[in-house]
*Asks:* 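Next up is a structure, given as structure tokens.
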There are 2 protein chains.
Amino acid sequence: MRRESDKITIRIIGSKWNLMIIFNLSHQTLRFTELQKRMDNVNPKTITKHLRYLERYNIIKRVVYPEVPPKVEYSLTEYGIALIPLLKPIMEWGSTLQYDITKEK
Amino acid sequence: MRRESDKITIRIIGSKWNLMIIFNLSHQTLRFTELQKRMDNVNPKTITKHLRYLERYNIIKRVVYPEVPPKVEYSLTEYGIALIPLLKPIMEWGSTLQYDITKEK
DNA sequence: CCGGATCCATCAGGATACTG
DNA sequence: CAGTATCCTGATGGATCCGG
């Protein structure tokens, strides 16, 4: 590992949940429940944990509307948006993955 | 998530260990113990598990030399090498990450 | 030297209930 | 609605030992 920042970067993109959140917010703002629905109805604790983590690194934005019932919207920040075009080529790369069944354990 | 392949891709790059292996092999072939040393001396079980996983997807290559003592070398395949230039921009992106201490929990 | 086998601690995440 | 709290289970990874 060359740089210290690489470890943090790996901790961010090396996480299934973080990636799923980022992808789901990549082209739209979503409320908590909407996001949860798109993430296979994972339990709220898991989502909250990763949302807070991404928020701390200024990758996503959390906007609370002081209403009843409560309304909270999540979206990517400028910084987070900058990640999307970098992730795209990797997904393209992954779309041609070949699973070797002979190495099945 | 748009495609089925995206889920697999996320399972590959959304893993700390997989990323660390790929990075460590990105510019050199390494033997098991050398790789282990560079990965903070993580236990062999963890390394083996992820090496096998990456091997099954043709991302890394495992070459066994029938010697005594045994010698096994790991390196990226052509397919794995193709991932490196795609990962680089993301590491650059991550090098400017800002941690927001006010959102410390 | 390359791992597989075993035992154990930790933790992520599921299920569910509940509140501001 | 947007979480937090609680309880629980399964997977992950550490530590150690051992064999080919």
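Letters go in sequence order (proteins before strands), and every chain restarts at 1.
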*Asks:* If I take atom NZ in residue K16(B) and atom C1' in nucleotide dA11(D), what distance separates them, rounded to the nearest angstrom?
*Replies:*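 These atoms are roughly 14 Å apart.
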*Asks:* Please report the distance, rounded to the nearest Å, between CD in Q36(A) and P in dG13(C).
*Replies:*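 Taking CD of Q36(A) and P of dG13(C), I get 14 Å after rounding.
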*Asks:* Find the distance Y53(A):OH to dA12(C):C1' and express it as a whole number of Å.
*Replies:*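 Whole-Å distance recorded here is 15 Å.
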*Asks:* Taking the nucleotide of DNA chain D with the nearest heavy atom to each, does V42(B) or P69(A) sit closer to the 5' end?
*Replies:*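 The 5'-side residue here is P69(A).
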*Asks:* Would V72(B) and R62(B) count as a side chain to side chain contact (heavy atoms under 4.5 Å, CB included) here? Give the steps.
*Replies:* CA-CA 7 Å; V72(B) 180; R62(B) 179 173 182 265; 3.8 Å; yes
*Asks:* OP1 or OP2 of dA12(C) less than 4.0 angstrom from a side-chain nitrogen or oxygen of T46(A), does that happen here?
*Replies:*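 Answer no for this pair, as no side-chain N or O of T46(A) is under 4.0 Å from OP1 or OP2.
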*Asks:* Checking R31(A) against K71(A) for the side chain to side chain contact (heavy atoms under 4.5 Å, CB included) test, could you report, in this order, the C-alpha distance in whole Å, the side-chain angles of both residues, the deciding distance, and whether it holds?
*Replies:* CA-CA 7 Å; R31(A) 301 178 61 169; K71(A) 176 177 172 183; 3.6 Å; yes
*Asks:* For Y53(B) together with W17(B), are the ring centres under 6.0 Å from each other?
*Replies:*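 No, ring centres 6.0 Å or more apart.
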*Asks:* Could you state the atom-to-atom distance from NZ of K71(B) to P of dG3(C) in whole Å?
*Replies:*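 Going from NZ in K71(B) over to P in dG3(C) covers 13 Å.
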*Asks:* Atom CG of N41(B) and atom C1' of dC1(C): how far apart are they, to the nearest Å?
*Replies:*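 Atom-to-atom, N41(B) to dC1(C), this comes out as 15 Å.
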*Asks:* Under 4.0 Å, counting only non-hydrogen atoms across every strand here, what does Y74(B) touch: a base, just sugar-phosphate, or nothing?
*Replies:*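 Sugar-phosphate only.
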*Asks:* Please determine if a side-chain N or O atom of K45(A) lies less than 4.0 Å away from the OP1 or OP2 oxygen of dG14(C).
*Replies:*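 Negative; the distance criterion is not met.
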*Asks:* Does dG3(C) have OP1 or OP2 under 4.0 Å away from a side-chain N or O of R31(B)?
*Replies:*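 So the side chain of R31(B) is outside the cut-off, no N or O lying under 4.0 Å from OP1 or OP2 of dG3(C).
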*Asks:* I need the CG-P distance between D40(B) and dA15(D), as an integer number of Å.
*Replies:*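 These atoms are roughly 10 Å apart.
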*Asks:* Please classify the nucleic acid contact of V68(A) as base, sugar-phosphate, or nothing, using heavy-atom distances under 4.0 Å.
*Replies:*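 Nothing, no heavy atom under 4.0 Å.
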*Asks:* Regarding E92(A) and R3(B), does a basic nitrogen lie under 4.0 Å from an acidic carboxylate oxygen?
*Replies:*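 Yes, charged N to carboxylate O under 4.0 Å.
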*Asks:* On DNA chain C, nearest-nucleotide positions of N43(A) versus P70(A): which is more 5'?
*Replies:*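 The residue mapped nearer the 5' terminus is N43(A).
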*Asks:* Check whether any side-chain nitrogen or oxygen of W17(A) sits under 4.0 Å from OP1 or OP2 of dA12(C), and answer yes or no.
*Replies:*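 Answer is no, no contact under 4.0 Å.
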*Asks:* Quickly work out the L51(A) CG to dA2(D) C1' distance and round it to whole Å.
*Replies:*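 For the pair L51(A) CG and dA2(D) C1', the rounded distance is 11 Å.
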*Asks:* Distance check: side-chain N/O of T33(A) vs OP1/OP2 of dA2(D), anything under 4.0 Å?
*Replies:*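 For T33(A), the contact criterion (side-chain N or O under 4.0 Å from OP1 or OP2 of dA2(D)) is met.
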*Asks:* In whole angstrom, what separates I47(B)'s CD1 from dC1(C)'s P?
*Replies:*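 Result: 15 Å.
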*Asks:* Indicate whether OP1 or OP2 belonging to dA2(D) is found under 4.0 Å from a side-chain N or O atom of R62(A).
*Replies:*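 No.
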*Asks:* Okay, side chain of Q36(B), backbone of V42(B): is any donor-acceptor separation there less than 3.5 Å?
*Replies:*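 Side chain of Q36(B) to backbone of V42(B), a donor-acceptor pair under 3.5 Å: yes, one is there.
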*Asks:* Select one nucleotide: of dG3(C), dA12(C), dT12(D), the one nearest the side-chain heavy atoms of K49(B).
*Replies:*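 Among dG3(C), dA12(C), dT12(D), the one nearest the side chain of K49(B) is dT12(D).
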*Asks:* Out of dC1(D), dG3(D), dG13(D), which nucleotide sits closest to the side chain of F32(A)?
*Replies:*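 Taking heavy atoms from C-beta onward, the closest nucleotide is dG3(D).
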